[in-house]
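Everything quoted here is computed from the prediction, not taken from an experiment. Chain naming here is simple, since letters A, B, ... match the order of the sequence lines and numbering starts at 1 in each. Just the heavy atoms: all of them, side chains too, but no hydrogens, waters or symmetry mates, feed the values below.
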Protein chains: 2
Amino acid sequence: MELRGGGANLADNQPVIILCYPQLHENIGMVARAMLNFGLSQLRLVAPRDGWDPAEKLTNRAWAAASGADSVLDQAGLYPDLISATADLNFVYGTTPRHHDMVKTTHLLRPAMTKIQGQINSEQKVGILFGPERTGLINEDISRCDELILIPTNPAFYSLNLAQAVNVCAYEYWCLQDNLPAEKTHMGKTRPADKAEFHGFMNRLETMLEARGFFTSEEIKPGMQQNLRTAFTRQMLTEQEIRTLHGVITALVRPESR
Amino acid sequence: MELRGGGANLADNQPVIILCYPQLHENIGMVARAMLNFGLSQLRLVAPRDGWDPAEKLTNRAWAAASGADSVLDQAGLYPDLISATADLNFVYGTTPRHHDMVKTTHLLRPAMTKIQGQINSEQKVGILFGPERTGLINEDISRCDELILIPTNPAFYSLNLAQAVNVCAYEYWCLQDNLPAEKTHMGKTRPADKAEFHGFMNRLETMLEARGFFTSEEIKPGMQQNLRTAFTRQMLTEQEIRTLHGVITALVRPESR
């Protein structure tokens, strides 16, 4: 998968997602989908409870739940324990929705991702650990992490679904990439009206309203004109919409046809 | 549900999540869980494909998938169409993972949430629309939105699971609240070592190394000392860990007991 120009291999340029003892194949598939949605492709599985065999992909619920993110699952690494799953990594983060009773530096998710981006730019290999669905990371595995990532959540309801936890992490990492689409207003085949077109419409409208006694006195006229202009400027009309509005007032002043 | 002090009603102070024609009850439940994980509680359902009856909550897969976020589902509003579901709202956003061919202002998710926060602070009622699982929002519904929110995704694999889309939106809104936990290093019953304790350990270590011929020449000694100090300072040792390390070197210089 190639997301950036210049021939860089995306997979070498991103954190590795490591699921410790995941329980449901379906959740592994949803993790894969969330990862690929946000450009991550390196997945490692540590001792999945229900086993793991890519040869069974046609019947395994992980591939169904991945909704097309097969490449992530096909290439996922399978490891018997955390030691082997992290052997080639330089820095490992554990994720948790709470502060833990261990002497570990804990970063909020957003600044953590900025730090990870810096580590990856410095050619470190970084892993992010997620615990099993029911319990989250156990203390022994947390003790093996260099630092922790705290995903900020509602303290009254903090237990995140596994795929949701991976989802927000992958999303935050994606937001740091420089390939985000620019904010814009889609224009299709039209363009914003210019001020001459806009004033042409407003003047015509006001003239037609004037001729029909809309402005009940000269005193209130400037205020009413200003209100009308304010209402029509707020929406940034397109050239096409100005033409439509001309048609609307032309039709309105016509007598009813029956 | 009360998340803030001062008696403010959280539900009046947050965007409404509106699911248009959701297909699977399970996804509705996962949406509810993701919402409550990040403090959102107002859910509205527009014509769910498989119907909706809270009286059936014991057998409905939505409640099972919500993993305890029952309050969100119990109170979810049910509407026949988008017009009625948005009647009391002042501003409605549609969500999409792509730019659309419609003249709509599109915001990236993060700045959109800042804008929504401002609207809610100005006592506007704001809704965020999510389309059905298979297709996303249809053009007719997009045309009813005031503006669009673009969730930035991998352009090569942009289709988000419904609950994952709600998840990142709710997460971004939660990150704007001022109740995020502070970053910190948990200390438990110990505390960071002070420099006297640290230097006491380093001096003892160096003395013991010196006595055992570790520093092979006076020329290289300062460099080796510096390397040792660099290695031990990086980890910000606690007072307890310093004591442990004293025990380690005490044990190491002891002859093997068998």
| request: May I have the step-by-step check of side-chain contact (heavy atoms from CB on, under 4.5 Å) for Tyr158(A) and Asn37(B), ending in yes or no? | output: CA-CA 5 Å; Tyr158(A) 59 78; Asn37(B) 280 148; 5.7 Å; no
| Which atoms of Thr153(B) approach chain A - backbone, side chain, both or neither, heavy atom under 4.5 Å |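 For Thr153(B), heavy atoms of backbone and side chain both lie under 4.5 Å from chain A.
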| Under a 4.5 Å heavy-atom cut-off, does chain A meet the side chain of Ala170(B), its backbone, both or neither? |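 Neither part.
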| message | Are there residues of residues 25-34 of chain B whose heavy atoms fall under 4.5 Å of chain A's heavy atoms? If so, which? | response |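 Residues in range: Glu26(B), Met30(B), Arg33(B), Ala34(B).
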| task | Taking heavy atoms only and a threshold strictly under 4.5 Å, list by residue number the residues of residues 15-23 of chain A that touch chain B; give 'none' if the list is empty. | result |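 Result: none.
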| Which bit of Tyr171(A) is near chain B, if near means a heavy-atom gap under 4.5 Å: side chain, backbone, both or neither? |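 Side chain only.
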| query | CG/Asn154(B) to CD/Gln177(A) distance, rounded to the nearest 0.5 angstrom? | reply |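 Separation between the atoms: 11.0 Å.
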| Shortest non-hydrogen contact between Trp174(A) and Pro155(B), atoms and distance |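 Smallest heavy-atom distance, with atoms named: CZ2-CD, 3.9 Å.
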| field | Flag if over 12 foreign heavy atoms under 6.0 Å of CZ, Arg61(A) | value |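 Atom CZ in Arg61(A) is not crowded, with 12 or fewer foreign heavy atoms closer than 6.0 Å.
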| field | Pairing residues for Glu197(B) by the salt bridge (charged side-chain N to carboxylate O under 4.0 Å, His left out) criterion, not counting sequence neighbours | value |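 Result, salt bridge (charged side-chain N to carboxylate O under 4.0 Å, His left out) vs Glu197(B): Arg191(B).
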| request: Only counting residues at least two apart or in another chain, list the ones meeting side-chain contact (heavy atoms from CB on, under 4.5 Å) with Glu147(A). | output: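 Glu147(A): side-chain contact (heavy atoms from CB on, under 4.5 Å) contacts with Phe91(A), Tyr93(A), Thr105(A), His107(A), Lys115(A).
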| request: Measure the shortest side-chain to side-chain distance between Val72(A) and Phe157(B) over non-hydrogen atoms and say whether it is less than 4.5 angstrom. | output: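 Sidechains of Phe157(B) and Val72(A): no contact.
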| task | Tell me, out of Ala163(B), Ala69(B), Cys175(B), Ser159(B), who's got the most heavy-atom pairs with chain A below 4.5 Å. | result |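 Ranked by contacts with chain A, first place is Ser159(B).
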